[in-house]
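These notes are about the structure you will find just below.
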2 protein chains.
Amino acid sequence: MSANGTQAVDRAAALIALVVQADEPISFTTLVDEAGLAKSTTSRLLAALERAHLLERDAGGAYVAGPLFALYAARHDPWREIGRLARPTLQRVADDTGETVHLAIPRGDTVVQVAQVDTRYVLGTRDWMGVEVPPHTSAQGKVLYAFDALPLPEGELDTPAERSLRTLAELERDLAKARRNGYAVTRDELEPGLSAVAAPVRGRDGNVIAALGVSGPSARIATESDQIGRLLVEQADSLSALLRRRTLKEGAA
Amino acid sequence: MSANGTQAVDRAAALIALVVQADEPISFTTLVDEAGLAKSTTSRLLAALERAHLLERDAGGAYVAGPLFALYAARHDPWREIGRLARPTLQRVADDTGETVHLAIPRGDTVVQVAQVDTRYVLGTRDWMGVEVPPHTSAQGKVLYAFDALPLPEGELDTPAERSLRTLAELERDLAKARRNGYAVTRDELEPGLSAVAAPVRGRDGNVIAALGVSGPSARIATESDQIGRLLVEQADSLSALLRRRTLKEGAA
DNA sequence: AATGCGGTTCCATATTATGGAACTCTCGGG
DNA sequence: CCCGAGAGTTCCATAATATGGAACCGCATT
């Protein structure tokens, strides 16, 4: 990173980042240590940031994100923001696999897509944002079932394709496998020729809140499902790390 | 505000505030004008803020809130944040009236309290956070009904108190009155001796998303309902203005 | 009363931010 | 194809601004 006449702003920004990323009240002294600045400098900068409503002190005098952050959060849907944060991750997966990549979240007892990056192949999946399919026919749905992010279906399962899972027992077996592998797969279970792989994304408190998935023609996906699965788990974990509160240390994007 | 060795940070913070408060992409030139800084200075500061992930440029090169804001928003419930932003408003009402003040939002077909400031009187209302009551027996519920923030109840109305409204027609008449006055009143309709007044808070898109209310003993509240109503409307409007995107000009808190 | 801890204020210093001007890029006309 | 205008970035000499060590403050603990 360059340092061209913005030392003060850079330092102030670093303080903000520490507070926001940690997402729990941080004491003055901790900030001094963590940022490696002189006490006096830190004090002045923090005072300025507080005046600007970028930071705030809680009852105990520790620093937390200020009203400007609250204002932003009050005005914006968290799910859309998760999608926004996930974009670079999706893009990385898209670049690596060349396939269409999605991020999906549970809503009620169904699954909705909140972000998508398209394939570079001509034969790709279409725009799935907002389209609803029976969760047990999609890899993302299976992930959300498997990790308790979505209540299991009751009664008869829809069977839109010949290879769709037909019974709850079959589904349960598949979910157990997903839990073992860390990722879920569907092959020709929604449409013949369409396959998908997905891995779980965990939220602040550690439980699964979303599924990161890749979908495309079985010819390309199904044969590589293991490799794609591992990639997805890795990337989903790094996204989870972003959403989890940061304990220490840094790492840019 | 004082300027003790933090000019750069103050200016940078002002730029962030402009972008976040406007809540729509702002071009470089607009920022230069609005902040009244030299082009070169603005450019340098904005570049630093972008490096720090506090701001971001959209496809058209205009500035929007950056990933740190998205991260905060992804991690926090907007309703709780609205409650946080409302705190100073509630406090002001509490100071003016001396009574217990609440902010409530619709959730499903019921009403939940998201913030509360307590009375200084001994005889006050208790902690209502999370307690559920039939909406038509609370002033806040009536406000949310009246301004289409909550679906009207069906079938029989609960009548926990002697003076509770008993029919949908009665309720409708009361709601019409609330729409005319701009605020709603309940008197002894939930518990004998308990009265309340509430006014609507509007969100970003102009429709009602919350109700700001005061409650306390009928002896104090009911006799002053008109004056309290006007105060609530005024304060609720100022809260609405905060949540609405800011078109121009400034104003501190 | 004395000591230590968390934080703020002071002040001389020189490092860092500043803004005018020059420069680059892109787009729209003529 | 060239010219000009608008948007934005880079350069650089200048001095205004941020810096950090030390002194200071207030509060708890012993």
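Throughout, a chain's letter reflects where its sequence line sits, starting with A, and its residues are numbered from 1.
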By nearest nucleotide on DNA chain C, pick out whichever of A8(A) and S43(A) is the more 5' one.
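The residue whose closest nucleotide sits nearer the 5' end is S43(A).
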
Pick the nucleotide of DNA chain C nearest each of K39(A) and L37(B); which residue has the one closer to the 5' end?
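The residue mapped nearer the 5' terminus is K39(A).
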
Specify the separation, in whole Å, of atom [atom1] of [X] and atom [atom2] of [N].
X      : N       : atom1 : atom2 : result
L49(B) : dG8(D)  : CG    : C1'   : 16 Å
D33(B) : dA7(D)  : CG    : P     : 9 Å
I26(B) : dA7(D)  : CD1   : P     : 15 Å
Q7(A)  : dA14(C) : CD    : P     : 16 Å
L15(A) : dG7(C)  : CG    : P     : 13 Å
E50(A) : dG7(C)  : CD    : P     : 12 Å
L46(B) : dT18(C) : CG    : P     : 12 Å

With distance as the sole criterion, do the side chain of R44(B) and the base of dG8(D) form a donor-acceptor contact below 3.5 Å?
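No.
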
For dG21(D), does the base pair up with any side-chain atom of S40(A) as donor and acceptor (N or O, under 3.5 Å, distance only)?
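A donor-acceptor contact between them is present.
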
Of the listed nucleotides ([options]), which one gets closest to any side-chain atom of [X]?
X      : options                   : result
F28(A) : dG8(D), dT18(C), dT8(C)   : dT8(C)
R11(A) : dT9(D), dG20(D), dA17(C)  : dG20(D)
A38(B) : dT19(D), dG19(C), dT17(D) : dG19(C)
R57(B) : dG7(C), dT17(D), dT9(D)   : dT9(D)

Which heavy atom of [X] sits nearest to which heavy atom of [Y], and what is that distance?
X       : Y       : value
L103(A) : A86(A)  : CD2-CB, 3.7 Å
A236(B) : A199(B) : CB-CB, 4.1 Å
S138(A) : V133(A) : CB-CG2, 4.1 Å

When you look at CZ of R244(B), are more than 12 heavy atoms from neighbouring residues, nucleotides or ligands closer to it than 6.0 Å?
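12 or below, so no.
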
Contact class for T29(A) vs. all strands (heavy atom < 4.0 Å): base, sugar-phosphate, or nothing?
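Touches sugar-phosphate only.
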
Between V64(A) and E56(A), is a side chain to side chain contact (heavy atoms under 4.5 Å, CB included) present by the stated rule, with each step listed?
CA-CA 5 Å; V64(A) 295; E56(A) 194 170 69; 4.1 Å; yes

